[in-house]
Asker: 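Dumping the structure here so I can ask a few things about it.
Count residues from 1 along the sequence.
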Amino acid sequence: MNPTTRQPLEWKFSQVFGERSSDDEIQDADRISTVEFDKSGDYVAVGDRGGRIVIFETKDGKNTADQHYSRNQLEQLDYVSLNHPEYRYKTEFQSHEPEFDYLKSLEIEEKINKLKWCTSLSGSLFILSTNDKTIKLWKVKDRKVKKAREIDSPHQLLSSENTLLSERSFMNEQGIPSFANGNHVESGANSIFPSQEPRSKIANYEDTAYARCRRVYAHAHDFNINSLSNNSDGETFISADDLRINLWNLEVSNQSFNIIDMKPSNMEELTEVITSAEFHPIHCNLLAYSSSRGFIRLVDMRQSALCDYSARIFQDEECHGSRSFLTEIVASITDIKFPVDGRHILSRDYMNLKLWDMHMDSSPVATFKIHEHLRPKLCDLYNNDSIFDKFECCLSGDGLHFATGSYSNLLRIFFHGGGSDEGATIEASKDPNGLAASFLSLISSGLITEKHSLVKQ
């Protein structure tokens, strides 16, 4: 089907996470700093300024499978679930703690800067998280928790697949409850487990999840980490700060390879910094990174060990014609993304969302105007520092729809082929009756396969 003949998507309110009354005061530690969906869209991880990570999952229909629906009914249920997924709480854990660098007399915040899902193995989930300096690899695994009664606290839960006695250990050969050391428990009023209670009351299982830190990748960045990106080989990833990009192996935490170094010998000669970095989704040797000067550099790691001198540069020649101090600031690219086919690059600067073709580096193939109405007010934006605000972007699975954030809780969504001035504007709020929608409303339309946070950090 020709992309231009497609029917426009209908945006609907989907789901809101978190309950808060209007009178509650928001603590800074509870503010969300990053959101990351896995490639399947079945899981979403939310990081906050307090260093915590909360994971949600879609309802997988286990309960409906037990109700003996027909095949056609199950297909209908799958269709509804695919178009209107509902997420539920899975687990949460503390990823980072506040630290103090005594050598530099610098406080390191626990705020989560980026999250990236890794390839799942043996039913477990793996996710990378980072604050300003330290990257951690977490393993999230489902397990069954046994509920059991204790002598002093009958409502206390004894949970651990390693520490809990098996259900059989509570019963001897005659079916009488007993301890593992062989001491029998008498039935009656003083017994731990009254004999008149059914056996199912003694211990039962529940599904839960726990997170364990598998690797800590630290002491490799002098500046704050702004990007993480997994490689398609499933073995390596990159981390980027303002001046360097490091290549890591997931299994090696004490060594990384510096593949891009933009730090000048004299810091007074510094003209640009790295703002975002992303691996190509198909070719494991290609990566792209953006800069504060509005450039996108595509590098091939096979050409040289240090990749910053052998890069293909994408730049909008029209925008770089006449420049002023303020236009240079708004030209800074704050985020880049590859679609799943790897043919294009989506970039976001302060004013525009741009789509680049990998075979044409002189200008973008499409420009979607986001903040053109703010151009006359650039001086005011500079005076109140709003001109330095950073916005992210994302693409749909088919590469035809793009979304990004704006001010006043607004999301801007565009369709490739629909023109630069066309697009949908949605407000992120809890009002389901108007055009309002939370950022999770993007899910209800089936827009995003690998989803990312669309709101301003």
Side-chain angles (χ1 to χ4, degrees), residues 113-114 130 132-133 220-229 238-247 256-280 286-301 303-338 345-356 358 360-364 367 370-371 375 378-379 381-382 385-393 404 456-457:
N113 289 348
K114 290 291 180 179
T130 183
D132 288 340
K133 302 295 182 182
H221 288 277
D222 293 330
F223 301 93
N224 293 345
I225 299 173
N226 57 45
S227 298
L228 287 178
S229 180
I238 55 172
S239 59
D241 61 25
D242 289 344
L243 296 178
R244 291 188 174 96
I245 297 179
N246 293 330
L247 176 68
S256 66
F257 298 93
N258 179 230
I259 57 176
I260 293 175
D261 188 354
M262 297 180 61
K263 184 177 181 180
S265 56
N266 184 0
M267 288 296 289
E268 294 181 356
E269 300 175 357
L270 182 66
T271 58
E272 62 180 332
V273 296
I274 299 170
T275 56
S276 181
E278 186 90 357
F279 259 123
H280 193 276
L286 296 179
L287 66 93
Y289 65 98
S290 59
S291 80
S292 57
R293 293 180 61 193
F295 297 149
I296 300 174
R297 292 176 172 87
L298 181 68
V299 299
D300 190 339
M301 293 189 296
Q303 294 184 359
S304 116
L306 195 60
C307 303
D308 48 344
Y309 294 107
S310 56
R312 182 181 178 189
I313 299 178
F314 294 79
Q315 58 178 319
D316 193 344
E317 296 179 351
E318 179 180 350
C319 293
H320 287 79
S322 58
R323 297 173 66 92
S324 65
F325 174 69
L326 295 177
T327 57
E328 286 186 355
I329 296 177
V330 298
S332 173
I333 297 176
T334 56
D335 192 26
I336 58 173
K337 292 291 187 302
F338 279 104
I345 301 176
L346 185 70
S347 68
R348 173 66 203 268
D349 56 45
Y350 187 82
M351 302 297 293
N352 304 306
L353 190 67
K354 297 180 180 180
L355 183 67
W356 303 80
M358 295 275 287
M360 187 171 64
D361 53 16
S362 60
S363 62
T367 300
I370 310 295
H371 289 156
R375 192 172 294 276
L378 292 182
C379 290
L381 294 171
Y382 176 78
D385 289 337
S386 296
I387 200 172
F388 300 104
D389 290 338
K390 298 179 180 180
F391 299 88
E392 297 182 359
C393 61
T404 188
K456 177 174 70 67
Q457 293 183 0

Asker: For atom OH of Tyr382, decide whether the heavy atoms of other residues, nucleotides or ligands shown that lie under 6.0 angstrom number more than 12.
Answerer: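 Open: at most 12 neighbouring heavy atoms sit under 6.0 Å from OH of Tyr382.
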Asker: Measure across Asp349 and Val330 and return the closest heavy-atom pair with its distance rounded to 0.1 Å.
Answerer: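 Reported closest heavy-atom pair: CB-O, 3.5 Å.
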Asker: Test side chain to side chain contact (heavy atoms under 4.5 Å, CB included) on Met267 and Leu243; report intermediate values, then the result.
Answerer: CA-CA 11 Å; Met267 288 296 289; Leu243 296 178; 4.1 Å; yes
Asker: Looking at every non-hydrogen atom in both residues, tell me the closest pair between Met358 and Phe314 and how far apart they are.
Answerer: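 Taking Met358 first and Phe314 second, the nearest heavy atoms are O-CZ, 3.8 Å.
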Asker: Answer whether the closest heavy-atom distance between the side chains of Asn352 and Asp316 falls below 4.5 Å.
Answerer: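 Answer no - side chains too far apart.
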Asker: Rounded to the nearest 0.5 Å, what separation is found between the CG atom of Asn224 and the CG atom of Asp242?
Answerer: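 Output value for this atom pair is 7.0 Å.
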Asker: Can Glu278 and Lys114 be counted as an ion pair, charged N to O under 4.0 angstrom?
Answerer: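 Answer for the salt bridge query: no.
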Asker: Donor-acceptor pair, Asn258 side chain versus Ile260 backbone, under 3.5 Å?
Answerer: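 Checking the backbone N and O of Ile260 against the side chain of Asn258, a donor-acceptor pair under 3.5 Å is found.
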Asker: Taking the side chain from Asn266 and the backbone from Glu268, do they hold a donor-acceptor pair closer than 3.5 Å?
Answerer: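 Present.
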Asker: How far does CG of Leu247 sit from CE of Met301, to the nearest 0.5 angstrom?
Answerer: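 Output value for this atom pair is 5.5 Å.
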Asker: Kindly indicate, with the supporting measurements, whether the criterion side chain to side chain contact (heavy atoms under 4.5 Å, CB included) is fulfilled by Ile329 and Tyr350.
Answerer: CA-CA 8 Å; Ile329 296 177; Tyr350 187 82; over 6 Å; no
Asker: Give a yes or no on whether the backbone of Ala220 and the side-chain of Asn246 come within a donor-acceptor separation of less than 3.5 Å.
Answerer: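 Yes, the answer is positive, given that a donor and an acceptor are paired below the 3.5 Å cut-off.
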Asker: So, taking the atom named CG in Asp335 and the one named OG in Ser227, what distance separates them when rounded to the nearest 0.5 Å?
Answerer: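 It comes to 7.5 Å.
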Asker: Which value, rounded to the nearest 0.5 Å, describes the distance between Thr404 atom OG1 and Phe391 atom CZ?
Answerer: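 Spacing of OG1 (Thr404) from CZ (Phe391) equals 7.5 Å.
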Asker: Give me the atom names and distance for the closest heavy-atom approach of Asp241 to Asp222.
Answerer: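 Shortest heavy-atom separation between Asp241 and Asp222 comes out as OD2-N, 3.9 Å.
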Asker: Looking at side-chain heavy atoms only, is the closest gap between Ile259 and Val299 below 4.5 Å?
Answerer: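 Not touching, per the 4.5 Å side-chain cut-off.
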Asker: When you measure from the side chain of Thr334 to the backbone N and O of Arg348, does any donor-acceptor pair fall under 3.5 Å?
Answerer: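 It does hold such a pair.
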Asker: Looking only at heavy atoms, which two atoms of Cys393 and Ser347 are closest? And how far apart?
Answerer: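 For Cys393 and Ser347, the tightest heavy-atom pair comes out as SG-C, 4.5 Å.
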Asker: Might you point out which heavy atoms bring Trp356 and Gln315 nearest each other, and give the distance in Å?
Answerer: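 For Trp356 versus Gln315, the nearest heavy atoms are CH2-C, 3.5 Å.
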Asker: Any sub-3.5 Å donor-acceptor pair from Asn113's side-chain atoms to Ile225's backbone N or O?
Answerer: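 It does hold such a pair.
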Asker: When rounded to the nearest 0.5 angstrom, what is the spacing between OH in Tyr289 and OG1 in Thr275?
Answerer: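 These two atoms lie 10.5 Å from each other.
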Asker: Give, for atom CZ of Phe325 and atom OG1 of Thr327, the distance between the pair rounded to the nearest 0.5 Å.
Answerer: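 With rounding to 0.5 Å, CZ (Phe325) is 10.0 Å from OG1 (Thr327).
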Asker: Could you go through Phe338 and Ile345, starting from their C-alpha distance and side-chain angles, then the distance that decides it, and tell me whether this counts as side chain to side chain contact (heavy atoms under 4.5 Å, CB included)?
Answerer: CA-CA 5 Å; Phe338 279 104; Ile345 301 176; 3.5 Å; yes
Asker: Run Leu353 and Leu346 through side chain to side chain contact (heavy atoms under 4.5 Å, CB included) and show every step you take.
Answerer: CA-CA 7 Å; Leu353 190 67; Leu346 185 70; 3.9 Å; yes
Asker: Between Met262 and Leu270, which heavy-atom pair has the shortest distance, and what is it?
Answerer: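 Heavy atoms of Met262 and Leu270 come nearest at O-CD1, 4.3 Å.
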